[in-house]
Amino acid sequence: MKRRQFIAAGLGLAVGGRLALAAVKDGPGTAQSLEVEVWKGLRPGLFGERDINIDADGIISLETPYRAADAAAVPIAIRGLLDGRDGRYIKRMWLLIDQNPTPVVGVFQFYPESGGADVETRVRVNDYTFVRAIAETSDDKLYMTANFVKASGGCSAPASKDAAAALQSLGKMKLRIDPPATPGGAARAQLLIRHPNVTGLAMDQMTRTYPQPYYVRKIEVSYRDKPVMNAEVTFAIAENPSFRFNFRHEGAGVLVATVEDTENGHFEARAQVDANGAS
Amino acid sequence: MLPELVRRWAGLWLALAVASAWGAKAPLAVDEIAPGVFVHRGEVAEMAADNGGDIANLSFVVGERCVAVIDTGSTAAIGQALLAAVRLKTGLPVCYVINTHMHFDHVFGNAAFEGGEARFVGNQRLPASLSARADGFVQRVTETLGDAAAGTRAVYPTVLVDRDSTLDLGGRRLKVEAWPTAHTDNDLTVYDEKTGTLWTGDLLFDAHLPVIDGSVVGWLKVLDQLEQRPVRHLVPGHGRADVAGTDALARERAYLADVAATVRKAIRGGQGLRAVIDAGEGKAMAGWQLSEAFHPRNLSAAYTELEWED
Ligand SMILES: [Zn+2]
């Protein structure tokens, strides 16, 4: 019963949000237009009274499709744009989806060794919504950018196209390394994790029950024992989570990714990288 | 001859009685593509108010003892209209309702066949797959069709097929066969030995762009086998009523193989999911309808499957 009420509350918010959005969805985001109800409710808990600069030009950009081909796997990229020349770097990024039952998709930590804060992933989107990226720079300033995305039903869609196969291969990982496009640049890695990432929001109609949420919640990536990216994420990340990110590869070494899920499952993947950034 | 005539009259009378009981539900139009084999051709379209969800091919086969229905439509009302069509042709009872897979446009008319002697037949993985989606399906059908969707709910098969099985209609046997994950993870085909008619469900799309909701690799493997079957009549899940002797299977294979090749090449080249979907956006696939709705989604499905290949 609790979960039902929770969902109903989420839908109630969605209606309010949609009304506010209707007026602005064709125009560029302004301070006013981004202040929809859901965000007003979320903001104090995440950022307290801190100022959030909504002019994120040159700090971060957010790439989203306007309309999702598959609401259960919407590709999203947050790209840090600081080149390090002013001595600042992005140390943390939040990804939020206003109209999702759990709006916080994840928090990503970056380090000077990260080779530039930049993450691509795939998310579930449950309704027409703003998607927000908020960056915290090394001088403790916050910047926000947002896009409007048209999609629906992503969170209440069942996890898998092939349920039996998905369970069989759970925990399998793939770590793919692409050498830097330009010499001296950061290498790029993609981490893939076989996991149903069950939302708990898709009711099983025969049993009239909701499954237990069961998802990847933590990812830690290091290169030569130095942290590259740490992330805490929720079930808003699509089934078989995928993350692409940068890492600096000054010298050969091992890229290690460790993953933890909500049932205390631990998974690890390693890739040997040579001095050119190839594996 | 006489009993047959009596039966037909009885059927017609029943159809009229049934039609009036359901607010004069007009029987679905059907073609007799082979003796005793009737196919209703759904519109090649996405479900919308103007088509009432009548978007899939629905069939029935008449034996000497009873009738088997193959797929039942998107709503209870379409199921009733299909039953009315059965009643126009025969007074024999419906003993089997066969669902070729769990998509709403193939199973949501099942409710119309409850309460009689009909047993519901499906792939053993159908109940779980439908159960996980039924809530969302009902919501979508109701939002799109409004009153026309009244009474629509999932009715689950209880005769479950894990490999194959034979259903006896009296003087007529249907072979039902479960397949590995292809269009979905619960595809089932039906073969009528008497007329050489094969129902593929959505393992074969005609005119309507194929939709990948299972595995593109698995689907291509299933097509290898389907292409070997000698059939006299071939009923796809969408499109024409009978595509035997046409290039329908080859055309579907070409599309799926093209999707797989395009996506594999992109993955090898380091392209992300977004770039691959964007490249397919708004692209009309020659000779197919509904590309805009389904092609980008197919690319997305193929990408998330094929990126796991070594
Ligand atoms: Zn289908």
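Chain letters run A, B, ... following the sequence lines, proteins first and then strands; every chain starts at 1. All figures in this text were calculated on a predicted structure; none of them were measured in a lab.
Per-residue counts of heavy-atom pairs under 4.5 Å with chain A were compared for B/G270, B/A128, B/S129; the largest is that of B/G270. For chain B, the option among A/V74, A/T207, A/I193 with the highest count of heavy-atom pairs below 4.5 Å is A/I193. Ranked by heavy-atom pairs under 4.5 Å with chain B, the list A/Q190, A/K172, A/R67 is led by A/K172. Ranked by non-hydrogen atom pairs under 4.5 Å with chain B, the options A/T64, A/I76, A/N240 are led by A/T64. Considering only heavy-atom pairs separated by less than 4.5 Å from chain B, the leading option among A/D70, A/D178, A/D162 is A/D162.
Identified by a heavy-atom distance below 4.5 Å to chain A, the contributing residues of residues 208-222 of chain B are B/I212, B/D213, B/G214, in residue-number order. Residue-level contacts of residues 136-154 of chain B with chain A, in order of numbering, are B/V138, B/A154; threshold 4.5 Å between heavy atoms.
Partners of A/Y215 under the ring-ring contact (aromatic ring centres under 6.0 Å, His included) rule, at least two apart in sequence or in another chain, are A/F235.
Nearest heavy atoms, A/R244 versus B/Q271: NH2-O, 3.7 Å.
Using a 4.5 Å heavy-atom cutoff, the side chains of B/E305 and A/K161 are not in contact. In this structure the side chain of A/R122 reaches within 4.5 angstrom of the side chain of B/Y303, judged on heavy atoms.
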Can I get a per-line list of side-chain donor-acceptor pairs under 3.5 Å for residues 287-297 of chain B, giving both atom names and the distance, sequence neighbours left out?
from	atom 1	to	atom 2	distance (Å)
B/S291	OG	B/M285	N	2.9
B/H295	ND1	B/Y255	OH	2.7

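The structure places CZ of A/R208 at 6.0 Å from CG of B/D135, a figure rounded to the nearest 0.5 Å.
Of the atoms belonging to B/D310, heavy atoms from both backbone and side chain fall under 4.5 Å from chain A.
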